[in-house]
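Okay, structure first, notes after.
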2 protein chains.
Amino acid sequence: MTTIIRLAETASLIGDPTRAAMLYALMDGRAFTAGELAEAAGVTPQTASGHLAQLVAAGMLAVEAQGRHRYFRIASAEIGAILEGLQLVTADRIGRLPRPGPRDAALRKARICYDHLAGELGVALFAALAGAGHLRLSADGAALSDSGTALLGSLDIEVPARRRPTCRPCLDWSERRHHLAGQAGAAICTAALARGWVRRRHGSRALDVTPTGTRAFAAGFGVRLP
Amino acid sequence: MTTIIRLAETASLIGDPTRAAMLYALMDGRAFTAGELAEAAGVTPQTASGHLAQLVAAGMLAVEAQGRHRYFRIASAEIGAILEGLQLVTADRIGRLPRPGPRDAALRKARICYDHLAGELGVALFAALAGAGHLRLSADGAALSDSGTALLGSLDIEVPARRRPTCRPCLDWSERRHHLAGQAGAAICTAALARGWVRRRHGSRALDVTPTGTRAFAAGFGVRLP
DNA sequence: CCGATGCTTCGGACGAGAGCGAAACATCGA
DNA sequence: TCGATGTTTCGCTCTCGTCCGAAGCATCGG
């Protein structure tokens with residue numbers, strides 16, 4: 001019984017348009033100040049403050065104080081996965097409607113999912129790695145094989161060895177196939193941004209793959225983008 | 001922008017305690033009448049009717065009229081996955097609290113997730129099948145290997161060949177590992193219920209594994225339950 | 001046909017919660 | 001120390017949505 005109540009509370013937190021807008025703005029994994037999130041959601045700072053306090057109390061957001069600013073970010077990859085999943089079912093039930101806006105098309109092509117690459121690019125990357133034997137797919141998820149570890153090493157991409165799974169398949173809401181999450185996914189995403197393989201679109205989670213990036217993904221990972 | 005609104009609408013539908021209770025009751029994959037769901041949620045029939053209409057309009061529930069009864073069920077496995085995922089994050093943020101009630105323990109041991117086996121039993125089954133080479137794990141998900149098809153055939157478990165994936169890994173919210181969904185998962189679950197390997201607990205998604213079932217899972221699938 | 005049962009529609013009452021103005025608090029720069 | 005900026009707390013209003021009583025449809029059994 002209490003399970004149901006808690007489930008409803010969690011969903012209800014995401015269910016408010018203002019809070020949903022804030023969570024969505026945070027979906028690219030970066031941290032924003034309370035004021036920025038207030039503007040993103042179109043409400044006054046005091047209103048935003050109340051919502052953010054609720055999300056933090058529920059453990060969905062983490063907060064870090066720096067001077068007179070307070071930076072908020074998504075607390076865990078699981079929260080990000082839920083938000084992506086909700087988009088999946090939302091898109092699913094209205095998928096028949098013909099409204100593929102240009103911005104949505106860019107999102108489908110390549111975007112950031114919390115801290116890793118998603119969209120066509122992310123799925124193609126996952127498929128290429130799996131096809132070349134760089135991933136060991138198991139019942140638990142996925143792990144880098146020896147050749148995969150060597151590949152990332154040769155590309156100077158360092159994957160920190162932490163408790164978090166090195167690889168985790170994450171269901172892509174637009175492609176309905178897995179893309180690479182986990183430490184390895186985050187490391188590749190960081191490297192791709194740092195080396196100019198992909199560029200953030202302003203005010204969006206969408207990414208543009210640069211010509212350099214197209215070459216790098218093809219040569220380094222064997223990714224063939226459509 | 002509209003994406004955010006839709007996301008919030010979906011979450012908000014799940015966010016109402018009454019609707020959440022109905023969805024939760026339907027999580028075992030069976031269909032219930034409007035009256036039964038009203039009782040399950042603790043509201044009057046007319047209140048339940050309104051909620052059910054909303055869920056159907058949103059595409060989250062499917063409805064089938066039979067005489068003067070109307071049977072409601074979860075519309076798709078994706079909806080079920082979202083509900084399981086919400087439980088996961090909900091359990092995650094309060095996971096430290098030591099409250100493993102007896103009913104929760106039973107749920108963790110074995111339960112039905114929409115139309116297939118989950119919990120320790122489901123995870124052990126998936127691991128056993130994968131370990132014995134009966135599943136081909138790929139980037140897209142999983143498929144029965146030839147030996148897997150043969151195994152199910154020898155056990156008289158028929159897996160219909162439909163559009164739906166024959167196997168699909170589904171993240172288990174209590175075990176945090178995959179269990180077997182898809183056509184094969186549903187077929188095994190149906191067989192397990194029909195042959196008395198597992199028995200439903202009254203008014204719950206929890207399952208009890210019978211002595212017969214323990215032997216059958218061990219002999220047939222090599223499953224070793226803790 | 002008729003009553004019984006299951007479900008839905010309509011109307012009004014009630015409460016929860018989102019929103020903002022005003023003011024307090026915290027921190028920075030000078 | 002002072003004002004400026006970022007954030008939070010308080011008090012209040014107002015809207016939205018849930019809920020139920022009453023009544024209206026549909027379907028079944030006879």
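Note: hydrogens, waters and symmetry copies are ignored here, and every other heavy atom, side chains too, is used. Fair warning: this is a prediction, and the values are worked out from it, not measured in the lab. Chain letters run A, B, ... following the sequence lines, proteins first, then strands; residues in each count from 1.
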Given that A:Gln54 and A:Gly67 both sit by DNA chain C, which one's nearest nucleotide is further toward the 5' end?
-> A:Gln54
Expected output: side-chain A:Ser12 to main-chain A:Gly15 donor-acceptor under 3.5 Å = no
B:Glu36 (side chain) donor-acceptor with B:Thr33 (main chain) under 3.5 angstrom = yes
For A:Arg195, the salt bridge (charged side-chain N to carboxylate O under 4.0 Å, His left out) test, sequence neighbours excluded, returns none
Checking B:Thr190 side chain against B:Ala186 main chain: does a donor-acceptor pair fall under 3.5 Å?
-> yes
Protein proximity profile, nucleotides 5-13 of chain C - base contact B, sugar-phosphate-only contact S, no contact -, cut-off 4.0 Å on heavy atoms | BSSBB----
Taking A:Thr210 for its side chain and A:Gly196 for its backbone only, find out whether a donor-acceptor pair lies under 3.5 Å.
-> yes
Axial bend angle, the helix from C:dC1-D:dG30 to C:dA30-D:dT1: five-pair end segments, nearest 10° = 30°
Main-chain N/O of A:Leu13 paired to A:Arg19 side chain as donor or acceptor, under 3.5 Å = yes
So where does chain B start and stop touching DNA chain D, 5' to 3', when the test is distance under 4.0 Å to a non-hydrogen atom?
-> D:dT18 to D:dC28
Test ring pair (Phe, Tyr, Trp, His ring centres under 6.0 Å) applied to B:Phe217 - qualifying residues, sequence neighbours left out | B:Trp197
With distance as the sole test, does B:Thr10 use its side chain to make a donor-acceptor pair with the main-chain N or O of A:Leu86 at under 3.5 Å?
-> no
For B:Arg68, enumerate each residue passing the salt bridge (charged side-chain N to carboxylate O under 4.0 Å, His left out) test, keeping only those at least two apart in sequence or located in another chain.
-> none
Is a side-chain N or O of A:Thr47 found less than 3.5 angstrom from the main chain of A:Val43, in a donor-acceptor match?
-> no
